[in-house]
Amino acid sequence: MTGLFEQIYAKVREIPAGKVTTYGEIARVLGLKDVRKVGYALHANKDGATPCHRVVNREGKLAANFAIDGVEEQRRRLESEGVAVDDDRVELSQFGWRWS
DNA sequence: AAAGTGACGCATT
DNA sequence: TAATGCGCCACTT
């Protein structure tokens, strides 16, 4: 298990509870030019080892094909951490997390 | 080894 | 805000 996926997982694990980040942010921090690989990586990660529910797209919208148990499960996990989810979206200006 | 696949982002309409 | 189209590249088969 060595590769880009692991790098992505490592970053996702750095996200603190109650915060969310975007695919683009992760791609940017890793120096990637293609954000799709980030989503691709998380899709492959059905394992609960990574808090993938804290990753949303640029609009703060939840992934339609969340691998664990769909968007409802993702929304549930976020709300349980204190993140307000409205119409499958989160307010990035308030809950968004970013690396420097 | 070549082709297929895809939790997205951005510009444009 | 939503809908379309294109770019871009690691991973799987």
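The structure displayed is predicted, hence computed values, not measured ones. Lettering follows sequence order; numbering is per chain, from 1.
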Check: To the nearest Å, how far apart are Glu72(A) CD and dA7(B) P?
Finding: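 In whole Å, dA7(B) P lies 18 Å from Glu72(A) CD.
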Notebook entry, point to check: Looking at the side chain of Arg58(A), which of dC10(B), dA7(B), dA10(C) is the nearest nucleotide?
Noted result: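 Of the candidates, dC10(B) comes closest.
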Margin query: What is the distance, to the nearest angstrom, from the CD1 atom on Ile26(A) to the C1' atom on dG6(B)?
Written below: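 Atom CD1 in Ile26(A) sits about 16 Å away from atom C1' in dG6(B).
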Margin query: Over all strands shown, is Ala67(A) touching base, sugar-phosphate only, or nothing at heavy-atom distances under 4.0 angstrom?
Written below: base
Margin query: Rounded at 0.5 Å granularity, tell me how far CG in Asp88(A) sits from CG in Leu78(A).
Written below: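 The distance works out to 10.5 Å.
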Checklist line | For atom CG of Leu4(A) and atom C1' of dC8(C), their distance in whole Å | finding: 13 Å
Check: Any idea which of dA10(C), dG9(B), dA7(B) is nearest the Asn65(A) side chain?
Finding: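 Ranking dA10(C), dG9(B), dA7(B) by closest atom to the Asn65(A) side chain puts dA7(B) first.
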Next item on the list: Round to the nearest Å and state the distance from Tyr40(A) atom OH to dC11(C) atom C1'.
Entry: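 Checked: the OH to C1' distance equals 5 Å.
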Checklist line | Atom pair CD1/CG of Ile68(A) and Asp47(A) - distance to nearest 0.5 Å | finding: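 Reported to 0.5 Å precision, the distance equals 8.0 Å.
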Check: Over how many whole Å does the gap from Gln7(A) atom CD to dC11(C) atom P extend?
Finding: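 About 10 Å, once rounded to whole Å.
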Notebook entry, point to check: Could you give the NZ-to-P distance, from Lys37(A) to dC11(C), as a whole number of Å?
Noted result: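 Lys37(A) atom NZ is separated from dC11(C) atom P by 9 Å.
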Next item on the list: Could you check how far CZ of Phe66(A) sits from P of dG6(B), rounded to whole Å?
Entry: 18 Å
Could you pull out all donor-acceptor pairs under 3.5 Å where a side-chain atom in residues 89-100 of chain A meets a protein atom, sequence neighbours excluded?
| unit_1 | atom_1 | unit_2 | atom_2 | d |
| --- | --- | --- | --- | --- |
| Glu91(A) | OE2 | Ser93(A) | OG | 3.1 |
| Trp99(A) | NE1 | Glu14(A) | OE1 | 2.7 |

Note to self: For a salt bridge (Lys or Arg N to Asp or Glu O under 4.0 Å) check, start with the C-alpha distance between Glu72(A) and Arg76(A), then their side-chain angles and the critical distance, and finish with the verdict.
What the structure shows: CA-CA 6 Å; Glu72(A) 293 192 358; Arg76(A) 212 160 122 149; over 6 Å; no
Notebook entry, point to check: What's the CD-P distance between Glu59(A) and dG9(B), to the nearest Å?
Noted result: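 Distance check: Glu59(A) CD to dG9(B) P gives 8 Å.
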Item checked: Listed nucleotide nearest any side-chain atom of Asn57(A), set dA7(B), dG6(B), dC8(B) -> dC8(B)
Notebook entry, point to check: Nearest of dA7(B), dA10(C), dG6(B) to any side-chain atom of Asp34(A)?
Noted result: dG6(B)
Checklist line | N/O donor-acceptor pair, side chain Arg36(A) with base dG7(C), under 3.5 angstrom | finding: yes
Notebook entry, point to check: Any side-chain heavy atom of Asp69(A) sitting closer than 4.5 Å to one from Gln74(A)?
Noted result: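 They are not in side-chain contact.
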Next item on the list: Determine the contact category for Leu42(A): base if any of its heavy atoms lies under 4.0 Å from a base atom, sugar-phosphate if only primed atoms, P, OP1 or OP2 are that close, otherwise nothing.
Entry: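 Base contact - Leu42(A) has a heavy atom under 4.0 Å of at least one base atom.
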Next item on the list: Please work out if Arg54(A) contacts a base, only the sugar-phosphate, or nothing of the nucleic acid, heavy-atom cut-off 4.0 Å.
Entry: nothing
Item checked: Aromatic ring of Phe5(A) stacked on base six-ring of dA10(C), 5.5 Å, 30° -> no
Check: Closer than 4.0 Å, any side-chain N/O of Arg28(A) to the OP1 or OP2 of dG9(B)?
Finding: no
